[in-house]
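As structure tokens, the structure follows; a few thoughts come after it.
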Amino acid sequence: QVQLVESGGGLVQPGGSLRLSCAASGFTFSTYGMSWYRQAPGKERELVARISSAGETTNYADSVKGRFTISRDNAKNTLYLQMNNLIPEDTAVYYCVKLRRSWAWSAREIDYWGQGTRVTVSS
């Protein structure tokens, strides 16, 4: 069965960095696009970034562009989100998401969610 296990969340000061990881199993990781979503307290889930199956195409929310980098290591079945220059507005639970195809723009293509990892940006 598909499993997505996020890790790397925690408490960080503004301006700091975190790298989230998502260990994927139960499917051929290298053939599917992946995304990171987040949900802040009291808000709906929002797309943070997405990446194509081979990693050649990426897309970012305007709020994180230039600060976050999505990447993947298909040999390790792992998705990453490098988060730099963190601000309090980045505080949220971050979810690793499997898409239904190699690249997708639409939320209709969401297939599986991980359990989430909490990121808190606070001094």
Side-chain angles (χ1 to χ4, degrees):
Q1 183 54 241
V2 171
Q3 291 190 11
L4 304 169
V5 181
E6 301 96 331
S7 62
L11 176 65
V12 64
Q13 295 187 163
S17 298
L18 284 174
R19 181 153 100 150
L20 306 184
S21 298
C22 171
S25 61
F27 65 102
T28 305
F29 180 73
S30 62
T31 66
Y32 290 92
M34 300 290 294
S35 296
W36 288 98
Y37 280 71
R38 68 184 182 186
Q39 186 167 25
K43 297 183 178 180
E44 295 185 355
R45 284 182 169 98
E46 64 174 348
L47 176 69
V48 177
R50 51 193 156 198
I51 187 168
S52 60
S53 58
E56 75 275 20
T57 304
T58 58
N59 175 256
Y60 298 90
D62 288 342
S63 58
V64 308
K65 193 172 297 182
R67 300 188 298 118
F68 290 12
T69 302
I70 188 171
S71 63
R72 62 194 298 160
D73 187 338
N74 285 343
K76 297 181 178 180
N77 289 350
T78 303
L79 178 73
Y80 302 99
L81 184 68
Q82 179 66 47
M83 306 186 295
N84 297 328
N85 194 24
L86 285 159
I87 59 176
E89 290 75 15
D90 295 320
T91 296
V93 176
Y94 285 72
Y95 297 90
C96 175
V97 176
K98 175 188 179 292
L99 305 179
R100 296 185 185 274
R101 50 188 286 183
S102 61
W103 175 250
W105 290 101
S106 174
R108 302 175 191 269
E109 301 297 330
I110 291 173
D111 194 9
Y112 288 90
W113 297 82
Q115 82 290 341
T117 185
R118 186 176 299 274
V119 172
T120 302
V121 184
S122 176
S123 60

Co-membership, hydrophobic cluster, residues Val119 and Met34, 4.5 Å side-chain: yes

Side chain to side chain contact (heavy atoms under 4.5 Å, CB included) partners for Ser122, two or more places apart: Leu11, Thr120

Any Leu86 side-chain heavy atom under 4.5 Å of Phe68 side chain: yes

side-chain hydrogen bond (donor to acceptor under 3.5 Å, both in side chains) partners of Thr78, counting only residues at least two apart: none

Joint hydrophobic cluster, Trp36 plus Val12, side-chain heavy atoms closer than 4.5 Å: yes

Results of side chain to side chain contact (heavy atoms under 4.5 Å, CB included) for Lys43 - residues two or more places apart only: Ala40

Salt bridge (Lys or Arg N to Asp or Glu O under 4.0 Å) contacts in which one or both residues fall within residues 62-71, not counting sequence neighbours: Asp62-Lys65, Arg67-Asp90

Side-chain (Asn74) to main-chain (Ala54) donor-acceptor, under 3.5 angstrom: no

Ser30 side, atom OG; Arg72 side, atom CZ - distance, nearest 0.5 Å: 7.5 Å

Shortest non-hydrogen contact between Arg50 and Ser35, atoms and distance: CB-OG, 3.1 Å

Partners meeting side chain to side chain contact (heavy atoms under 4.5 Å, CB included) with Ser63 (sequence neighbours left out): Arg38, Ala61

Neighbour count above 12 (heavy atom, 6.0 Å) for Gln3 CD: no

Interatomic spacing from CE in Met83 to CG in Leu18 - rounded to 0.5 Å: 4.5 Å

Thr57 OG1 to Ile51 CD1 distance, which is reported to the nearest 0.5 Å: 8.5 Å

Where Gly116 and Val93 come nearest, the two heavy atoms and their spacing: CA-CG1, 3.8 Å

Pairs touching residues 76-110 that satisfy ring pair (Phe, Tyr, Trp, His ring centres under 6.0 Å), sequence neighbours left out: Tyr95-Trp113, Trp103-Trp105

pair Leu47-Asn59: side-chain heavy atoms closer than 4.5 Å: yes

Qualifying residues under side chain to side chain contact (heavy atoms under 4.5 Å, CB included), relative to Thr31, sequence neighbours excluded: Thr28

Side chains of Ile70 and Leu79 in contact at under 4.5 Å (non-hydrogen atoms): yes

Set of side-chain hydrogen bond (donor to acceptor under 3.5 Å, both in side chains) partners for Arg19, sequence neighbours left out: none

Shared hydrophobic cluster, Val64 / Val97 (ILVMFWY, side-chain heavy atoms < 4.5 Å): no

Ser123 side-chain N/O to Gln13 backbone N/O, donor-acceptor pair under 3.5 Å: no

Partner set under side-chain hydrogen bond (donor to acceptor under 3.5 Å, both in side chains) for Glu6, not counting sequence neighbours: Gln115

Glu56: partners by side-chain hydrogen bond (donor to acceptor under 3.5 Å, both in side chains), with sequence neighbours left out: Ser52

Asn84 and Ser17, any side-chain heavy atoms less than 4.5 Å apart: yes

All ring-ring contact (aromatic ring centres under 6.0 Å, His included) counterparts of Tyr32, not counting sequence neighbours: Phe27

Set of salt bridge (charged side-chain N to carboxylate O under 4.0 Å, His left out) partners for Arg118, sequence neighbours left out: none

Leu20-Val48 co-clustered via ILVMFWY side chain contacts under 4.5 Å: yes

Spacing of OG belonging to Ser53 relative to CZ belonging to Phe29, to within rounding of 0.5 Å: 10.0 Å

Interatomic spacing from OH in Tyr60 to CG in Leu81 - rounded to 0.5 Å: 8.0 Å

